[in-house]
Amino acid sequence: GSNVLKMSSSIHIQPKIAVQKSKASPLRCSPKPAVKPQPKPSDKLNPKTIDPFGVHTRPLSAFAAIYAKGGIPCRLVHGSVKHRLQWECLPETVPFDPLLVTLAEGLRETKHPYTFVSKEGFKELLMVEGATEKAIPLLPRLVPVLKAALAHSDDEVFGRGLDALVQLSAVVGPSLNDYLKHLLTNLSRRLMKKKFRGKVTVALQKLEQYGGKVS
């Protein structure tokens with residue numbers, strides 16, 4: 001009789017242990033399996049993680065990762081008519097290195113709010129006093145990033161990259177001339193497309209205006 005009790009008790013104990021282990025194991029595992037059925041709050045900042053096809057194939061971009069961690073000192077404010085950026089501190093006090101480069105990286109984003117924050121943040125940062133002196137040393141790092149935006153297959157990404165290039169040219173002037181050769185190929189490809197012909201032509205005229213005769 002005592003042997004039967006021992007056997008029955010051991011039978012009941014083992015499932016309890018198994019249940020406890022199964023409950024504890026997800027805490028030690030990667031949170032990725034839980035993303036599909038129940039997205040984490042942070043996924044709202046990075047909509048790409050909700051995509052079941054993109055979760056395992058496309059890692060977080062540098063901009064999205066920094067934005068999700070609060071590394072971008074500005075946030076989107078939804079207005080009744082238009083959106084705007086709210087800076088946590090005065091843009092004049094923000095170091096251009098690395099923020100300007102990070103915002104340029106964000107121009108390749110295709111999801112909201114990254115698209116607006118990167119485009120508007122890049123523009124507003126270049127409008128601060130002393131932007132010329134702060135931006136020129138960053139040209140070797142900014143130009144490859146803008147080149148990638150101009151080469152992007154997404155038309156809106158190209159448009160943001162083109163606008164950013166013109167804005168940068170207006171600030172740094174002839175200092176950009178030595179880098180234009182790295183960008184003209186991507187501009188000429190879009191110039192061949194009718195829907196971009198006017199926009200690219202205007203951009204080239206502004207680059208020539210800001211760069212002077214040498215450009």
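Note that the numbering runs from 1 along the sequence shown for the chain.
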Looking only at atom types and distance, does a side-chain atom of T132 sit under 3.5 Å from a main-chain N or O of V171, one as donor and one as acceptor? yes
If you round to the nearest 0.5 Å, how far is OG of S215 from NZ of K181? 14.5 Å
How long is the span from the OG atom in S118 to the CG atom in L103, to the nearest 0.5 Å? 7.0 Å
Ionic contact status for D97 with R141, cut-off 4.0 Å: yes
Where do Y67 and C74 come nearest, in terms of heavy atoms and distance? CE1-O, 4.1 Å
Could you walk me through whether V143 and L176 satisfy the side chain to side chain contact (heavy atoms under 4.5 Å, CB included) test, starting with their C-alpha distance in whole Å, then the side-chain angles of each, then the deciding distance to 0.1 Å, before giving a yes or no? CA-CA 9 Å; V143 170; L176 187 62; 4.1 Å; yes
Side chain proximity check, V157 to T110, heavy atoms < 4.5 angstrom: yes
In Å and rounded to the nearest 0.5 Å, what is the NZ to CZ distance from K194 to R197? 7.5 Å
Does NZ or CZ of R108 fall inside the cone over F63's six-membered ring, less than 6.0 Å from its centre and within 45° of the axis? no
Any chance you could measure R160, atom CZ, to H152, atom NE2, to the nearest 0.5 Å? 8.5 Å
Does a side-chain heavy-atom distance below 4.5 Å link F158 with V200? yes
Derivation of the side chain to side chain contact (heavy atoms under 4.5 Å, CB included) call for Q205 and Q209: CA-CA 6 Å; Q205 291 172 346; Q209 175 187 346; over 6 Å; no
Look up atom CD in E109 and atom OG1 in T115, then write down how far apart they are to the nearest 0.5 Å. 8.5 Å
List the atom of L125, the atom of A131, and the distance in Å for their closest heavy-atom pair. O-CB, 4.1 Å
Does the side chain of L100 come within less than 4.5 Å of V94's, by heavy atoms? no
Can you name the salt bridge (charged side-chain N to carboxylate O under 4.0 Å, His left out) partners of D178, sequence neighbours left out? none
Looking at side-chain heavy atoms only, is the closest gap between L76 and H112 below 4.5 Å? yes
Side chains of R75 and I72: closer than 4.5 Å at any heavy-atom pair? yes
Could you pull out the closest heavy-atom pair between L162 and L150, with the gap in Å? N-CD2, 3.5 Å
Taking every heavy atom of S169 against every heavy atom of Y210, the minimum-distance pair comes out as OG-CB, 3.3 Å
Do P140 and Y179 have side-chain heavy atoms sitting under 4.5 Å apart? yes
Just verifying a value: how many Å separate E105 CD and L99 CG, rounded to the nearest 0.5 Å? 12.0 Å
Which word best sums up how the rings of H83 and F116 line up, parallel for under 30°, tilted for 30 to 60°, or perpendicular for over 60°? perpendicular
The single option from N177, I136, L138 passing side chain to side chain contact (heavy atoms under 4.5 Å, CB included) against V172: I136
Within a 6.0 Å radius of atom CD on E156, are there more than 12 heavy atoms belonging to other residues, nucleotides or ligands? no
Is the CD atom of E208 crowded by more than 12 outside heavy atoms at less than 6.0 Å? no
Would L207 and L184 show up in the same hydrophobic cluster when neighbours are defined by side-chain heavy atoms closer than 4.5 Å? yes
Given V202 and V166, is the side chain to side chain contact (heavy atoms under 4.5 Å, CB included) satisfied, shown in steps? CA-CA 10 Å; V202 172; V166 173; over 6 Å; no
In terms of heavy-atom contacts, L126 and A135 come closest through CD2-CB, 4.2 Å
Can you find a heavy atom in the side chain of T93 that is under 4.5 Å from one in the side chain of V128? no
Set of residues satisfying side chain to side chain contact (heavy atoms under 4.5 Å, CB included) with respect to Q86, sequence neighbours excluded: V77, R84
Considering all heavy atoms of both residues, which atom of G161 and which atom of L107 are nearest to each other, and what is their separation? CA-CD1, 4.5 Å
Taking the side chain as every heavy atom from C-beta outward, state whether D163 and K119 have any atom pair closer than 4.5 Å. yes
